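Here the structure is a predicted model, which is why all the values come from computation and not from measurement. Order of appearance sets the numbers: ligands from 1, and atoms from 1 within every ligand.
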Amino acid sequence: MTEMFVPKPVMKLIDTLENSGYEAYLVGGCVRDHILGAVPTDFDVTTSATPCEVKRIFSGFNVIPTGEKHGTVTVIIDGESLEVTTFRVETGYSDGRHPDKVEFASRLEDDLSRRDITVNAIAYSPLRGFIDPYNGIGDIERQIIRAVGETEKRFEEDSLRILRALRFSSVLAFEIEAETEAALYKLKDGLSRISAERIFTELKKLLCGKNAGMIIKKHPRIIGAVIPEILPMIDFDQRNRYHRYDLLEHTARVVDGVPPLPHLRLAALLHDVEKPACFTLDEIGGHYYGHEKKSGETAKAVLERLKADRYTRDRVTELVYNHGLVLQNDERFIKRCLNRFGKDTFRDIILLSLSDNSALSELCCDRPGKIREISELTEKIIAAAPCLTLKDLRINGDDLIALGLSPGKEIGSVLAELLREVIDGKTENDKETLKRAAADVIRTMTQRSQLS
Ligand code: ATP
Ligand code: MG
């Protein structure tokens, strides 16, 4: 195995600990990523020195006691924040979530034995090379996810590891080894003991992995242990000639087909989640009237339960709710959508629609091309910086008051009507033109109110 590149500040941290008579190693994600041929970004260091000793050794540096009780302190070296964690062993786990006791250990091997999967349990020392008691390097070469030590015990101790195994299988595109897989299924119900925040963090990473679709197809019952709402999608035959795949496979493909951003992947996972509940059958085939709205409501409830941040919850809900919007290659339609959704959400609606329409039957094979054209036209429209909101309109409430309109809610209605006319290309966004158009709008509104 090739030597690892270690950035200067990290090297200084390790050297200083070693020169003070302690052992220090890189461990976890950075070692795994190096062996995989990727360039690590986060360098986690583990050491035989206790937090107190680390503080003493680095007394001339800024040291922050980030998680001192659990052995972690942050040392700032040359402007870089570096985490150092003391070797530790964890015992007890009577709640299936947290260790009852965390003890500092003097041997690296003890620290590696508490880690979740073999590819995450490799250490590296610039002096002593790779330390790999669980053959994590071999598992990286064979592309395998395998529990460290006694398989079932590891997942009983901390049920989150079940989801982590799936997450790494998705992100690294590694197969889950048979014994590990059997333990995941046997113990999956333990996930109910894990906090929503920890689950949601892993779930987002899982969904953004390059093999997310495969995991959804292969292990829906494990994902279903945290989102049972997806379970009715398993083997659900859509009975509709526009659909070549069953609902779960369609969903898995839609997930893979959107960019790996949590809100897009979650929207893809949940976009059709209520189709089984909305299913009706007639001589033409299966229908799913109202499934977009119902799936949007379910998506919102799922994300609230998982304590998703507000941004993600609102974006996902809006995307699922509107995923059935029939996109038109028409400037007026696109401008109306940009006004209604804002450019970021409308771009996301297009991305979801493109992926959704790419996972249908041959009858729909022309749809992706059409949606790409709509996407191109949308970008052209956005680049031309058109008037899309009241802010962009070259007339405001004061101008209308100067025209004789009295302050009040009518001003809002007149401005909204003028914006509609500008978006639809009926009126130029130019002050004098808008003043004339405003006079017409006011006249029409007055006539209307006199008639009623
Ligand atoms: P990422 O690139 O996502 O940060 P990572 O491997 O660094 O990947 P983290 O979640 O940051 O993953 O965890 C750091 C290391 O701590 C892991 O590599 C693993 O050795 C260990 N670890 C983290 N969570 C657990 C857990 N629940 N049980 C056992 N070991 C864990
Ligand atoms: Mg990490």
shortest atom 14 (C) of ligand 1-to-protein heavy-atom contact is with Asp44 OD2, 4.4 Å
In this structure, atom 28 (N) of ligand 1 is nearest to the protein heavy atom Arg161 NE, 2.7 Å
List every atom of ligand 1 that sits less than 4.0 Å from any heavy atom of Arg114, numbering the atoms from 1 in the order shown and giving each element.
29 (C), 30 (N)
May I ask whether Asp158 has any heavy atom positioned less than 4.0 angstrom from an atom of ligand 1?
yes
For the residue pair Thr46 and Val84, establish whether any side-chain heavy-atom pair is separated by less than 4.5 Å.
no
Does Tyr245 have Arg253 sitting over its ring (NZ/CZ under 6.0 Å from centre, angle to axis within 45°)?
yes
I'd like to check whether Glu202 has a polar contact with ligand 1, where a contact means an N/O of the residue lying under 3.5 Å from an N/O of the ligand.
no
Any nitrogen or oxygen of Arg115, main chain or side chain, under 3.5 Å from a nitrogen or oxygen of ligand 1?
yes
Considering only non-hydrogen protein atoms, determine which one is nearest to atom 12 (O) of ligand 1 and report residue, atom name and distance to 0.1 Å.
Arg164 NH2, 3.7 Å
Around atom 30 (N) of ligand 1, find the nearest protein heavy atom and jot down its residue, atom name and distance.
Asp116 N, 3.2 Å
Checking the N or O distance criterion of under 3.5 Å, is ligand 1 in contact with Asp33?
no
Sub-4.0 Å heavy-atom approach of Lys205 to ligand 1:
yes
May I ask you to check whether Ser353 and Asp356 show a side-chain donor-acceptor distance below 3.5 Å?
no
Atom 5 (P) of ligand 1: nearest protein contact (heavy atom, Å)
Arg32 NH1, 3.8 Å
Look at atom 3 (O) of ligand 1 and say which protein heavy atom is nearest, naming residue and atom and giving the distance to 0.1 Å.
Arg167 NH1, 2.7 Å
